[in-house]
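What follows is a short report on a single structure.
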Amino acid sequence: MDWTSAQLRSLVELTRRGTITAVADALGYTPGGVSQQITALEKATGMRLLRRVGRRVELTDAGATLALHAERILTTEAEAVEALERTRNEISGTLRVGLFATAAAELLPPALRQVRERHPGVTVRSRDMDVDEVYDAVAGGTVDLALGLDYPDVPIPRDPSLRVMELSRERFSLAVPTGAMPGRADTSRPSRTSGASDTSDRSGPRKVSLADTRELGWILPSVRSYYGRAVLTACRRAGFEPQVAHEVTDTAATLALVEAGVGVSVVTDLMLRLRPSRLDVLELRETMERHIVVVFRSFAEHRPTVAALVDVLRTSTGRRPPRREHHGTDKLATR
């Protein structure tokens, strides 16, 4: 059959995502471009692969059958690329990397600098995507590897075809409007605020419980997201249901809303670096973590370019500078 990998991948992604628009978003095409790929595939096979049902499309029996085999074909093709790459005497090639917004801002730049220094023959092409979609993107071959997040309270389902490697762990703190929680914690242990270094008080941060926020409004992403469910699980374990005042996905927007005094949220050091904000950061009594992970297909573990980038990511992630702390009355964040 005279078909292309792009055409087969469009068909496979349609089985995963259900709509032409979703496939276009995942592959970086226009909806019209995806439709053209499918139309070309129908011409190559001489069979109808899609049928229209109202405003939606669904696979015909022939389309479902081809999609199943297409996934195997694409996997075999990727394995062939890996095998060829191992025959080279130098590490070179192009890698497609998927990553979420925080990783794009904080983790990728130092990694790219190291890649240029250590492996000048490697070219990295990155794509920003929703953090909950990176696993499907790797499994479907849209990207070669991706940076993602995993939450112990709501772990990402493990696909046997994927390898998930932990790069680092971050513990959540509570971000509250300046002065919003007086008397709710041990005042002999002043709150952490993100700002310039100060030696006025080194007695350490005071701690609060998630339960102390039961009467406050929260700023959270949708509970349909892994992050939203992880926070909801932690709050329920603390004995209350968070009052979600604003449903927001963007971290910088969340920090801005906390700064504006309209609610509280949980944050990590990496999240706080995204936006300079005037707010209080309080240590939580409860342990709530997220794990930064790199995801790639299991058979690609020994692919030289993938192994090289994973090694760089492990090194660069471990070298992130610690957050500067300020103990005192000034509330200016410098991140």
Side-chain angles (χ1 to χ4, degrees), residues 3-45 47-75 77-78 95-104 125-151 154 156-162 164 220-229 247-251 253 293 295-297:
W3 54 45
T4 68
S5 297
Q7 293 164 5
L8 294 178
R9 183 162 286 111
S10 294
L11 185 66
V12 169
E13 285 298 318
L14 189 58
T15 66
R16 293 175 179 273
R17 303 180 186 277
T19 68
I20 295 289
T21 300
V23 173
D25 290 341
L27 298 180
Y29 300 151
T30 64
V34 174
S35 295
Q36 289 174 9
Q37 298 283 9
I38 301 297
T39 298
L41 194 55
E42 289 181 324
K43 289 181 179 178
T45 61
M47 303 185 74
R48 188 180 180 190
L49 304 177
L50 298 182
R51 68 168 64 92
R52 184 165 293 279
V53 180
R55 295 185 177 182
R56 298 178 58 255
V57 295
E58 64 180 24
L59 297 179
T60 62
D61 289 344
T65 299
L66 181 57
L68 177 63
H69 289 279
E71 192 159 4
R72 296 173 185 167
I73 292 169
L74 292 171
T75 297
E77 181 182 277
L95 283 177
R96 299 162 300 159
V97 179
L99 66 168
F100 56 102
T102 313
R125 304 294 185 208
S126 63
R127 284 191 55 195
D128 186 12
M129 58 181 60
D130 186 283
V131 67
D132 288 350
E133 294 181 356
V134 300
Y135 296 85
D136 283 344
V138 176
T142 305
V143 294
D144 297 303
L145 73 163
L147 286 165
L149 294 172
D150 200 10
Y151 301 90
V154 188
I156 302 292
R158 294 298 193 257
D159 185 326
S161 69
L162 300 182
V164 180
L220 284 178
S222 168
V223 293
R224 294 186 297 274
S225 68
Y226 286 103
Y227 176 34
R229 292 203 298 272
E247 190 174 290
V248 176
T249 300
D250 183 72
T251 298
V293 298
V295 187
F296 47 90
R297 283 170 289 184

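Nothing fancy with the numbering, it's 1 onward along the sequence.
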Task: Enclosure of D61 CG (heavy-atom neighbours >12, cutoff 6.0 Å) - done: no
Open item on the list: Test of understanding: with ring pair (Phe, Tyr, Trp, His ring centres under 6.0 Å), list the residues that count as partners of F100, not counting sequence neighbours.
Closed with: none
Quick one: closest heavy-atom pair of [X] and [Y], and the distance?
X: M47; Y: A62; result: CE-CB, 3.7 Å
X: A103; Y: L147; result: CB-CD1, 3.9 Å
X: V12; Y: A67; result: CG2-O, 3.8 Å
X: A101; Y: D128; result: N-OD1, 3.6 Å
X: V138; Y: V295; result: CG2-O, 3.8 Å
X: P31; Y: A24; result: N-CB, 3.6 Å

Straight-line distance of [X] [atom1] to [Y] [atom2], nearest 0.5 Å:
X: R9; Y: Y29; atom1: CZ; atom2: OH; result: 7.5 Å
X: L50; Y: L11; atom1: CG; atom2: CG; result: 7.0 Å
X: R229; Y: L220; atom1: CZ; atom2: CG; result: 13.5 Å
X: L149; Y: Y226; atom1: CG; atom2: OH; result: 12.0 Å
X: T142; Y: L27; atom1: OG1; atom2: CG; result: 5.0 Å
X: E42; Y: L49; atom1: CD; atom2: CG; result: 4.5 Å

Open item on the list: Check whether S10 reaches the backbone of Q37 with its side chain - one donor and one acceptor, N or O, closer than 3.5 Å.
Closed with: no
TODO: Verify, without hydrogens or angle tests, whether R96 (side chain) and G141 (backbone) share a donor-acceptor contact under 3.5 angstrom.
DONE: yes
Is there a side-chain contact between [X] and [Y] (heavy atoms, below 4.5 Å)?
X: I156; Y: Y135; answer: yes
X: R158; Y: D150; answer: yes
X: I20; Y: L14; answer: yes
X: L162; Y: R297; answer: yes
X: L74; Y: S5; answer: yes

Open item on the list: Walk me through whether Q7 and K43 qualify under side-chain contact (heavy atoms from CB on, under 4.5 Å).
Closed with: CA-CA 11 Å; Q7 293 164 5; K43 289 181 179 178; over 6 Å; no
Task: Option passing side-chain contact (heavy atoms from CB on, under 4.5 Å) with L66 (candidates I73, L41, L59) - done: L41
- [ ] Apply side-chain contact (heavy atoms from CB on, under 4.5 Å) to the pair D136 and R17, showing each step before the final yes or no.
- [x] CA-CA 9 Å; D136 283 344; R17 303 180 186 277; 3.9 Å; yes
Open item on the list: Check this for me: does any side-chain nitrogen of one of E133 and R127 sit under 4.0 Å from a carboxylate oxygen of the other?
Closed with: no
Task: Criterion side-chain contact (heavy atoms from CB on, under 4.5 Å) on L145 and V97, from CA distance to verdict - done: CA-CA 5 Å; L145 73 163; V97 179; 3.7 Å; yes
